[in-house]
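As structure tokens, the structure follows; a few thoughts come after it.
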Amino acid sequence: MAKNKLVLIDGNSIAYRAFFALPLLSNEKGIHTNAIYGFTMMLMRILEEEKPTHMLVAFDAGKTTFRHKTFGEYKGGRQKTPPELSEQFSFLRELLDAYNIKRYELPEYEADDIIGTLAQQAAKDDYEVKIISGDKDLTQLATDKITVDITKKGITDVDSYTPAFIEEKYGLNVDQIIDMKGLMGDSSDNIPGVPGVGEKTAIKLLKEFGTIETLLESIDKVSGKKLKEKLEDNKEQAIMSKQLATIMTEAPVEVTVEELLYEGFDKKKVVDIFKELSFNSLLDKLGEDGETVTEDLEDISFEILEEVKEEHFAKENFFMVEVLDENYHRADIQGIALVNETGNYFIPTEVALQSEEFTAFASDHKRKKTVFDAKRAIVALKWKGIELNGIDFDFIIASYIVNPSETSTDLAEIARKKGYYQIETDEAVYGKGAKRAVPHQQKVADHLVRKTFAMQEMKESFIHELKDNEQLELFEELEMPLTLVLGEMEALGIKVDKARLEEMGTDLGEKLEKIEEKIFDLAGEKFNINSPKQLGVILFEKLGLPPVKKTKTGYSTSADVLEKLAEKHEVIQQILHYRQLGKLKSTYIEGLLKVIHEDSHKIHTRFNQALTQTGRLSSIDPNLQNIPVRLEEGRKIREAFVPSHEDWVIFAADYSQIELRVLAHIANDEKLIEAFKEDADIHTKTAMDVFHVSEDEVTSNMRRQAKAVNFGIVYGISDYGLSQSLGITRKDAKIFIDRYLESFPGVKEYMEDSVLDAKDKGYVTTLLHRRRYLPEITSSNFNLRSFAERTAMNTPIQGSAADIIKKAMIDMANRLEEENMKSKVLLQVHDELVFEAPKDEIEKLKKIVPEVMEQAVELKVPLKVDYSYGSTWYDAK
DNA sequence: TCGCGCACGC
DNA sequence: GACGTACGTGCGCGAA
């Protein structure tokens, strides 16, 4: 039988080591994790390399120990444990429990003593013993059976102290370690030793005399007058120091070595903790062991329906429509799962689609459905002609609301964070990239039913969390209804004039060719203008222009750099123009042509409702939130966006200065509130206050600068960011910001409070209780911290504005329906809603759109909406 | 396939 | 003083 091997870990020592060796990491909720992380790394290494049969982590038990009776000041003058470390100990204990590793502490004794006692007992029973610590004191325990690993730099790099190693390193035998320490003392434990005696002297003396006791007896033989005096004066102190440094090997430890048996860890629990602490790299490591957490799936029973019947439905249903295509518009459905009190079912797509019972169930508002990714299910079914109603809970939304930094879009990952493992990731089942494939029906059915069943298991927990966060209303009254509105917008799509786009494309192509020729001519050679690398070589090497800025990979050729060089060479203007037109052609003309739907001749974007950290939406495939508007040439693209019926119009309405109005409200700043109540030009008003001038003294330059400052406030940019946008120094930018804050003391106070609030709670909130966690707000890294601070100031502003327009979208959809109108909302562009409307509804829209949008919430300042309409999106200006 | 530089919107 | 700086999406390039 293989020999028993006991590993004893000095818990406090290793935790300290890890804490100071690693930067102050934290998870998304702001819990610091560096000590736990380092400790875990060490633990994983030990388990792998040492393969112990027995294991224990010993901790110090508290403030006083028996050593304090000998010497009151023992460990005196020690720095208090940093709170960032102490908060980690409870997780460490949890982690050890998950690993099934015994931990132990004993009042009045230190971890050293526990380790010493057990090490000797085990050695006596012929165990091989390994001790892990960062404290060299432990080396006194080394024998031929006990090896002491002391961490060097970091935590995983160690020196193994054996008697031979000690002999070689110090020229002393193991027993003399305590004598050495007695002479040297130890400042960290406040052990005095003999003043003036360090490692070198101590070793020299011990080589000659053997022990402190014999040294003190034969003190006359010591060479060197000073040294002799010091030894004389500190005789008792030296003996006491030796005593303090001696590890007690007969502590009243109540566990036996046999009880320390290590039989492997509880993978589920460990994974759970890793997830909670965001130890993603360690999670991967666990996976590499070949035992993925999904291996131990328990069988789940379900019925594959060949016919859907009324008896399969219940009032509360968990429902999943599997659409594997990332783009769910007109995509295949791989199957449908249904879990409720009557049972677990898989409904093959073809069965569902032709079943009247199923269609009736899907469209029934009273049959409540909990789903994962409601919009995907609604839109995919809509393309198949099936209406899906009654959805009142979407996991993707719930997960995003409780923590928007939670990026996983896979139910399995969300489930694992909740400690539920009876489910595989989609990637594990379907593969990814080129390997993506749909397995046989039984497997798909099993996977789908598992996912659906998982929702049933986790729903309560999410509701609980939403309630705790005071976010249930945000979830139920805002985000869930919004999902339905967005689904309708996406499915409806927006009509584009394909011929117009193609025409513009041809036109752009010709222009680009001409510019290209000019550029090659001016540069004296042909090259790829679209390659920043090649362009850099031409501009900064061949033409000898001065490089303004560098990037990681070479010269920067960005627009702001080129603009600085425009005077110096004709080619620059041409390049800027080439870039501008090239962007239009590739991204907007070709990009949009590619996504025009074959059947509907429309463009169907997808709004991501669970992505941004601020609560805004995003739009993909295509992105219809960044269609050019600033420059005329680009703005023309909007001519291709047209109503879907003849004699209809595009009607666009946007909030005026919504973020600054929100700021006025949240900050409760009198001056800002007043300005909006008067409906003043806010940039002019800002300029008046910042530059202390009257309205007619505000120059266009002052207004421009004030506008940039307002822009900075809204988007939370730094003084550096402002300096870049204004082309001034960072110092001057800071002066601007400071003057702004002096002019608006309410805003200043809000900014300060917001940062304090974030530090205190770890997150900031919006008007409608949306949250954003900011763990880095306590970082010692200036950049990370500054960024978090600006985010703390900015997110409530941007996020509340997002809340408001979302609310307006829901109200708008309801109002249009109530009024029996044909007009539809097509797009949302952050502060703007785009409609299509029959001409005879224009007058009514002019009344109700501003009304609904302005009344979406009530603030201390009025909300203002501007609108316009025309035969294309371009004309709605 | 991926990271990068660049550019479009709010 | 720190050293890279609102939020997004999508394109072409060039290295792997």
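Lettering follows sequence order; numbering is per chain, from 1. Everything quoted here is computed from the prediction, not taken from an experiment.
Inter-residue side-chain proximity for A:Ser754 and A:Pro796 is flagged as met; some heavy-atom pair is nearer than 4.5 Å. A:Thr872 places none of its side-chain heavy atoms less than 4.5 Å from the side chain of A:Phe641. Annotation: side chain of A:Leu535 is not in contact with side chain of A:Pro532 (no heavy-atom distance under 4.5 Å).
As judged by a 4.0 angstrom heavy-atom cut-off over every strand, A:Thr791 is placed among residues making no nucleic acid contact. Contacts of A:Ser786 with the nucleic acid, taken as non-hydrogen atoms under 4.0 Å apart, are absent. Contacts of A:Leu611 with the nucleic acid, taken as non-hydrogen atoms under 4.0 Å apart, involve only primed sugar atoms and P, OP1 or OP2. Residue contacts shown for A:Asp621 are limited to sugar-phosphate atoms, with no base heavy atom under 4.0 Å away. No contact: A:Asn781 has no heavy atom under 4.0 Å from any strand. Contacts of A:Ile627 with the nucleic acid, taken as non-hydrogen atoms under 4.0 Å apart, involve only primed sugar atoms and P, OP1 or OP2. A:Asn794 comes within 4.0 angstrom of no nucleic acid atom, judged by non-hydrogen atoms across all strands. Residue contacts for A:Glu659: at a heavy-atom cut-off of 4.0 Å it reaches no nucleic acid atom on any strand shown. Using a 4.0 Å heavy-atom criterion, one finds that A:Gln724 contacts no nucleic acid atom at all. The residue A:Ser556 sits close only to the backbone: its heavy atoms come under 4.0 Å of sugar-phosphate atoms, none of a base. Residue A:Ser718 is classed as a base contact, given a heavy-atom separation below 4.0 Å to a base. The residue A:Phe787 sits close only to the backbone: its heavy atoms come under 4.0 Å of sugar-phosphate atoms, none of a base.
Mapping A:Arg730 and A:Glu590 onto DNA chain C via the closest heavy atom, the residue that lands nearer the 5' end is A:Arg730. Where A:Pro622 and A:Lys533 meet DNA chain C, the nucleotide closest to each residue was compared, and A:Pro622 sits on the side nearer the 5' end.
Distance A:Leu584 CG to B:dG9 C1': 13 Å, rounded to the nearest Å. What separates CG of A:Asn626 from C1' of B:dG9 is a distance of 5 Å, to the nearest Å. Spacing between atom CD1 of A:Ile575 and atom P of B:dG5 amounts to 18 Å, rounded to whole angstrom units. Atom NZ in A:Lys585 sits roughly 17 Å away from atom C1' in B:dA7 (whole-Å rounding). Distance A:Glu563 CD to B:dA7 C1': 12 Å, rounded to the nearest Å. Between the P atom of B:dC10 and the CG atom of A:Leu827 lies a distance of 12 Å, rounded to the nearest Å. Across the protein-nucleic acid pair, A:Phe607 atom CZ and B:dC10 atom P stand 14 Å apart, rounded to whole Å. Across the protein-nucleic acid pair, A:Ile797 atom CD1 and B:dC10 atom C1' stand 15 Å apart, rounded to whole Å.
Judged by Watson-Crick or G-U wobble contacts below 3.5 Å, the nucleotide C:dA2 has no partner.
The residues A:Asp803 and A:Lys807 are annotated as not salt-bridged, no charged nitrogen and carboxylate oxygen being separated by less than 4.0 angstrom. Comment: A:Asp497 does not engage A:Arg500 in a salt bridge, judged by the lack of any side-chain N to carboxylate O separation of less than 4.0 angstrom. Under 4.0 Å is where a charged nitrogen must lie from a carboxylate oxygen, and between A:Lys594 and A:Glu590 no such pair does. Comment: A:Arg616 engages A:Glu659 in a salt bridge, judged by a side-chain N to carboxylate O separation of less than 4.0 angstrom.
When distances are taken from the side chain of A:Thr553 to each of B:dG5, B:dC10, B:dC8, the shortest belongs to B:dG5.
Contact annotation: A:Ser558 does not reach the phosphate of B:dG5 (side-chain N/O to OP1 or OP2, under 4.0 Å).
Residue side chain A:Arg616 reaches the base of B:dC10 through a donor-acceptor N/O pair under 3.5 Å, judged by distance alone.
With a heavy-atom cut-off of 4.0 Å to chain A, the contacted part of DNA chain C has its first and last nucleotide at C:dA2 to C:dA15.
Between B:dA7 and C:dA2, the distance separating the two C1' atoms is 30 Å to the nearest Å. Rounded to whole Å, the separation between the P atoms of B:dC6 and C:dT5 comes to 13 Å. With C1' as the reference atom, B:dC8 and C:dA6 are 15 Å apart, rounded to whole Å.
A 6.0 Å sphere centred on CD of A:Glu541 holds more than 12 heavy atoms belonging to other residues, nucleotides or ligands.
Between A:Tyr740 and A:Phe736, the ring centre distance reaches or exceeds 6.0 Å.
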